[in-house]
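Values in this document were obtained by computation on a predicted structure and should not be read as measured data. Just so we're on the same page: letters track the sequence lines, and every chain starts at 1.
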There are 2 protein chains.
Amino acid sequence: MGITKTETYTDQTLALASIFKALGHPARIAILQYISAQSACICGDIVAELPLSQASISRHLQELKTAGLIKGEISGTSVCYCINGTQFPFLDAFIKQIQVSNTTTCCP
Amino acid sequence: MGITKTETYTDQTLALASIFKALGHPARIAILQYISAQSACICGDIVAELPLSQASISRHLQELKTAGLIKGEISGTSVCYCINGTQFPFLDAFIKQIQVSNTTTCCP
DNA sequence: ATTATATATTGCAATATTACGATTAATATT
DNA sequence: AATATTAATCGTAATATTGCAATATATAAT
């Protein structure tokens, strides 16, 4: 029914899932890659770069911000977006944790 | 509109997004963690472990398998699931790539 | 062969996501 | 003050996801 029983999962599991969910769209991957590719941070020319409307980009940026993957600073009439690195070690740890078990034992 | 213009993104971007999307649900995170927590691989007692119906678990397992995150081997009447480690270095590389840019420069 | 067990698949219904156009809010420029 | 620019928000339509019940399939045990 499209409902997820959030109370039955640990906070960590829910947090991981929500961050990965934010990464689970090509537009948001592309936005992250674009922001990270510039040495300085970028404002609204992400709109010019991607084949999406300004409204759609804005929504994706909002989702990335909510997930804690980017920060946005208002500078005059434009907004400067940058990578927020705080969540990535968390993701990294999860990936490593899963990966390690793989190398030890698996199906015979 | 729920449509994603797949032709406008690179294959790599699409691949990353689809793997992250598969990770973007707490049930699937929990399934991965459960499989990896066991030293040997596990069959259908994932159903006993999580508060979801057998059908729902089956769907999630299918999605994880499609994303290349797990493998399933039939052994008699049960299926043995294991982590498929091939995709994780790919994810790891992406995360590192984004993270690096963060440390160099960001909003003043 | 029949029954039991384990997993997969299918067909819904409820909910969420995605994207767009239009509008709004806020700051800059003239 | 009037206009332009930038970004967020709202409303709407199309599509996808999620989860359950029911069913199907396949192997094991009796």
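The closest side-chain heavy-atom distance from B/T8 to A/L50 is not below 4.5 Å. Residues B/F20 and A/I19 are not in side-chain contact: their nearest non-hydrogen atoms beyond the backbone lie 4.5 Å or more apart.
Judged by distance alone, the side chain of B/N84 and the main-chain N or O of B/G68 form a donor-acceptor pair under 3.5 Å. Remark: side-chain polar atoms of B/R28 are paired, donor with acceptor, to backbone N or O of B/A22 under 3.5 angstrom. Side-chain N or O atoms of B/T66 include one that pairs as donor or acceptor with a backbone N or O of B/Q62 at under 3.5 Å.
Atom pair A/H25:NE2 and D/dT15:C1' shows a separation of 11 Å (rounding to whole Å applied). Rounded to an integer number of Å, the gap from B/I46 CD1 to C/dA6 P is 14 Å. Residue B/L64 contributes atom CG, which lies 15 Å from atom C1' of C/dA8 at whole-angstrom precision.
The stretch residues 16-24 of chain B does not touch DNA chain C, since none of its heavy atoms comes less than 4.0 Å from the strand.
Using cut-offs of 30° and 60° for the angle between ring planes, the A/Y9 and B/H25 rings count as perpendicular.
Between B/H60 and D/dG19 there is a side-chain polar atom (N or O) within less than 4.0 angstrom of OP1 or OP2.
Residue pairs meeting the side-chain hydrogen bond (donor to acceptor under 3.5 Å, both in side chains) criterion with at least one member in residues 41-54 of chain B, sequence neighbours excluded, are B/S53-B/S56.
Of all heavy-atom pairs spanning A/A27 and A/L52, the tightest one is CB-CD1, 3.7 Å.
Within the shown strands, D/dA1 is the pairing partner of C/dT30 under the Watson-Crick or G-U definition, both distances less than 3.5 Å.
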Each nucleotide of nucleotides 5-10 of chain D classed B (base within 4.0 Å of a protein heavy atom), S (only sugar-phosphate) or -, in 5' to 3' order, makes BSBBBB
